[in-house]
Amino acid sequence: MTPPEYAAKVLTKFQPLLDRTPPRKLFLKDKNIFYIGGDLKFASKTTRDKMDFVRKKGGTVVPVYDPSIVTHIVTDTTPIPTLKALALKSLTEIPDHIPTVLWSWITSGNRGKLEFEWMHAAFSSRIDADSSKRSSKGKEAQFPRQVAGTVSGGVTNSSVIDDDHHPQTPSSSLHPSSAAPPFSSAANPPQRTRHASQQCNGPEGDPLAEYYALAAADQESAESNDSSDGEMPMDEVVKQSRRGFTCDQRNTDNGHCLNQGIIDKLQELMELHKEKLSDHDRWRVFSYSKTIRALRNHPVQIKSYEQARAIKGVGDKTARKIEEIIQTGELRRIDWEKTPDVESIKNFKGIYDVGPHTAYQWYNAGCRTLDDVKARKGGITLTPTQKIGVEYYDDINSRMPRSEAEQIFNKIKPIALEIDPMLFIEIMGSFRRGKADCGDIDILITRPTHDGKTHAGVIRSLLTELHVRQIITEDLATPDNFDGLEATYRGLCRLDFRSRRRRIDILAVPYESRGAALLYYTGDDIFNRAIRYKAGSMGYSLNQRGLFTAVARDPNDRRKKLTKGYVIASETEEEIFKILNVPWQEPHERVRAV
DNA sequence: GGGCTGTACTG
DNA sequence: CAGTAC
DNA sequence: GCCC
């Protein structure tokens, strides 16, 4: 039997099953899927199982590719056979509203909600294809929709993934979700709400499933509300928007850039300043990184001092440097800053728990290399944490493929749920932002309280258990209070006994703080600083516990708070964005780092 | 001249 | 408290 | 470093 023949047959199968399945479990409802297993002539067992699965989850298996009907192309194979099955000559002929995704996108629905399509893009060239780009009318009406059950998710051929970005990952990896983030993000708030609602058909087991849905609904109903409800004089509001906060605008492009030459030189200079000791240098780095970010997003090639100067964040000094780069192709300041200490300091700071101060102390004691440090040259001493930092120097300074973070998390999550099945436990950080590789694993833990219970004590049990199972191998910093609702843990972990050590952070927060915590632990760093800065400039204060108002600050020292103020938002990310008048951005859109 | 995020852990 | 990390 |  051919795949189209079987697809046609699937449409009539499972109807009784579909009729008695709760609609919330049918996460493929309204999805018209054209599936390509690889063999065009014969529907293999795997292909048949997969088509069955789609149907059982409420999806429609479309027998013939018709772009006006199909909402998603799911492929387990490479471009050539895929195109053959579609009867097309080039991938570019597929409309932008039809994503080409891997099978893993389908099975991601098993975890409570379908993940973003770009996270499972089968071909990097079509990573921006997005079903939310489809005009909302005239679609998906032709086919009946219903149904559900369970079936094993298939294994995916990941050789189709463009894994240029993480060469250390063998192409035999079975984790196709390690696709790179999209180069540009076209999402906007109205589409986002649609995204969110299409993703909230979680199993009852996910305590936050409804929270995501509610948050999305909140946002929708609040769209027209003016955020400045009388608190603030109008002219001040205007002034703020003129200033422009880094958290407000998405990065427009990550690809090649017209000002790459300038960027390279400024970046080189910035890297040198990073290794210097003074506060002055620290702020220079802050400033350069802002300039570089602006240049990355700058649509035209800069050819003059004036043009450079016109960019927000570029002052006289930097504009002069840019001018020099344009005219000579060089930047003399780079050689000037390339002092002999830079290399040593950089290496020392690569040790966990070694910052500028310690690095210079060691340098002044006569250390120049890591071996000098290991030999305690000059009589230097190391803290216990620093010793761990030295021992696992290479591990800690390398990134792991997204799939490894996922695998480690998949070991930890069941252990946590065994302690308390009501826990909310998710990976945050760069993983949540969809990065193809992760520097560490950030795990957020909380628990709904409507049954009168909390997650107090869970952190202690979980850490104990993870130590026993040798998943966590070293502690770097342990919580002040192991039994509270709030806890911060930092350590090293590993997937199995022959894997590298990986940095892991486990954070627990009270349930009411989950939105603020989600926001903070998702980052990225620069986005966080920017949104906190904006909050501060609007008279609020934002931290991982919530957005606070009426915070009285010491007039002599603005950073000192005299009163805590009171929480005005903390349960959802959406309400915090809304109050701060920051356009909604999905985690993968919150990337600001250069 | 002062701000450029705000907090937790370590010794 | 200073230093470090996120 | 930049901005106020």
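By convention in this document, chain letters (A, B, ...) are assigned in the order of the sequence lines, proteins followed by strands, and residues within each chain are numbered from 1.
- The separation between A:Glu271 atom CD and D:dG1 atom P is 16 Å, rounded to whole Å.
- Contacts of A:Thr358 with the nucleic acid, taken as non-hydrogen atoms under 4.0 Å apart, involve only primed sugar atoms and P, OP1 or OP2.
- At a threshold of 4.0 angstrom between heavy atoms, the contacts of A:Arg320 with the nucleic acid are absent.
- In this model, a donor atom of one side chain and an acceptor atom of the other lie less than 3.5 Å apart for A:Ser278 and A:Asp281.
- No salt bridge links A:Glu404 with A:Arg501; every basic N to acidic carboxylate O contact stays at or beyond 4.0 Å.
- Within 4.0 Å of A:Asp525, counting heavy atoms only, lies no atom of the nucleic acid at all.
- Taking atom CD of residue A:Gln361 and atom C1' of nucleotide C:dA2, one finds them 11 Å apart after rounding to whole Å.
- One atom, OH of A:Tyr521, and another, C1' of C:dA5, lie 12 Å apart when rounded to the nearest Å.
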* **Protein proximity profile, nucleotides 6-11 of chain B - base contact B, sugar-phosphate-only contact S, no contact -, cut-off 4.0 Å on heavy atoms** => BSSSSS

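- At C:dC6, one or more side-chain N or O atoms of A:Arg503 fall inside 4.0 Å of OP1 or OP2 (strictly under the cut-off).
- A salt bridge links A:Arg503 and A:Asp505; the closest N-O separation between the charged side-chain nitrogens and carboxylate oxygens is under 4.0 Å.
- When A:Glu573, A:Glu589, A:Glu426, A:Glu406 are each tested for a salt bridge (Lys or Arg N to Asp or Glu O under 4.0 Å) with A:Arg432, only one passes: A:Glu573.
- Nearest to the side-chain atoms of A:Lys317 among the listed nucleotides C:dG3, D:dC2, C:dA5 stands D:dC2.
- The ring of A:Trp283 lies on top of the base of B:dC4, close enough and flat enough: under 5.5 Å between centres, under 30° between planes.
- Nucleotides B:dT5 and D:dC4, compared at atom P, are 16 Å apart to the nearest Å.
- At the heavy-atom level, A:Asp281 lies nowhere under 4.0 Å from the strands shown.
- Put simply, A:Arg293 has no side-chain N or O that comes within less than 4.0 Å of OP1 or OP2 on D:dC2.
- Rounded to an integer number of Å, the gap from CD1 of A:Ile322 to P of D:dG1 is 12 Å.
- B:dT5 atom P lies 15 Å from atom CG of A:Leu580, rounded to whole Å.
- For A:Glu343 and A:Arg368, the salt-bridge test fails: no basic side-chain N is under 4.0 Å from an acidic carboxylate O.
- The A:Arg309 side chain lies nearest to D:dC3 when the options are C:dT4, D:dC3, C:dC6.
- Backbone-only contact: A:Lys321 has heavy atoms under 4.0 Å from sugar-phosphate atoms and none from a base.
- Here the P atom of nucleotide C:dA5 and the CD1 atom of A:Ile396 are 10 Å apart, to the nearest Å.
- Nucleic acid contact class of A:Asp505 (heavy atoms, under 4.0 Å, all strands): sugar-phosphate only.
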* Verify side-chain contact (heavy atoms from CB on, under 4.5 Å) between A:Leu547 and A:Leu580, making sure each step is shown before the conclusion. => CA-CA 9 Å; A:Leu547 181 61; A:Leu580 295 179; 4.0 Å; yes

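- Atom NE2 of A:His357 and atom P of C:dG3 are 5 Å apart (whole Å).
- Within a 6.0 Å sphere centred on NZ of A:Lys290, other residues, nucleotides and ligands contribute 12 heavy atoms or fewer.
- Put simply, NZ on A:Lys265 is 17 Å from P on D:dG1, counting in whole angstrom units.
- As judged by a 4.0 angstrom heavy-atom cut-off over every strand, A:Val354 is placed among residues touching the sugar-phosphate backbone only.
- Under 4.0 Å is where a charged nitrogen must lie from a carboxylate oxygen, and between A:Asp420 and A:Arg447 at least one such pair does.
- At the heavy-atom level, A:Ile351 lies under 4.0 Å from the strands shown only through sugar-phosphate atoms.
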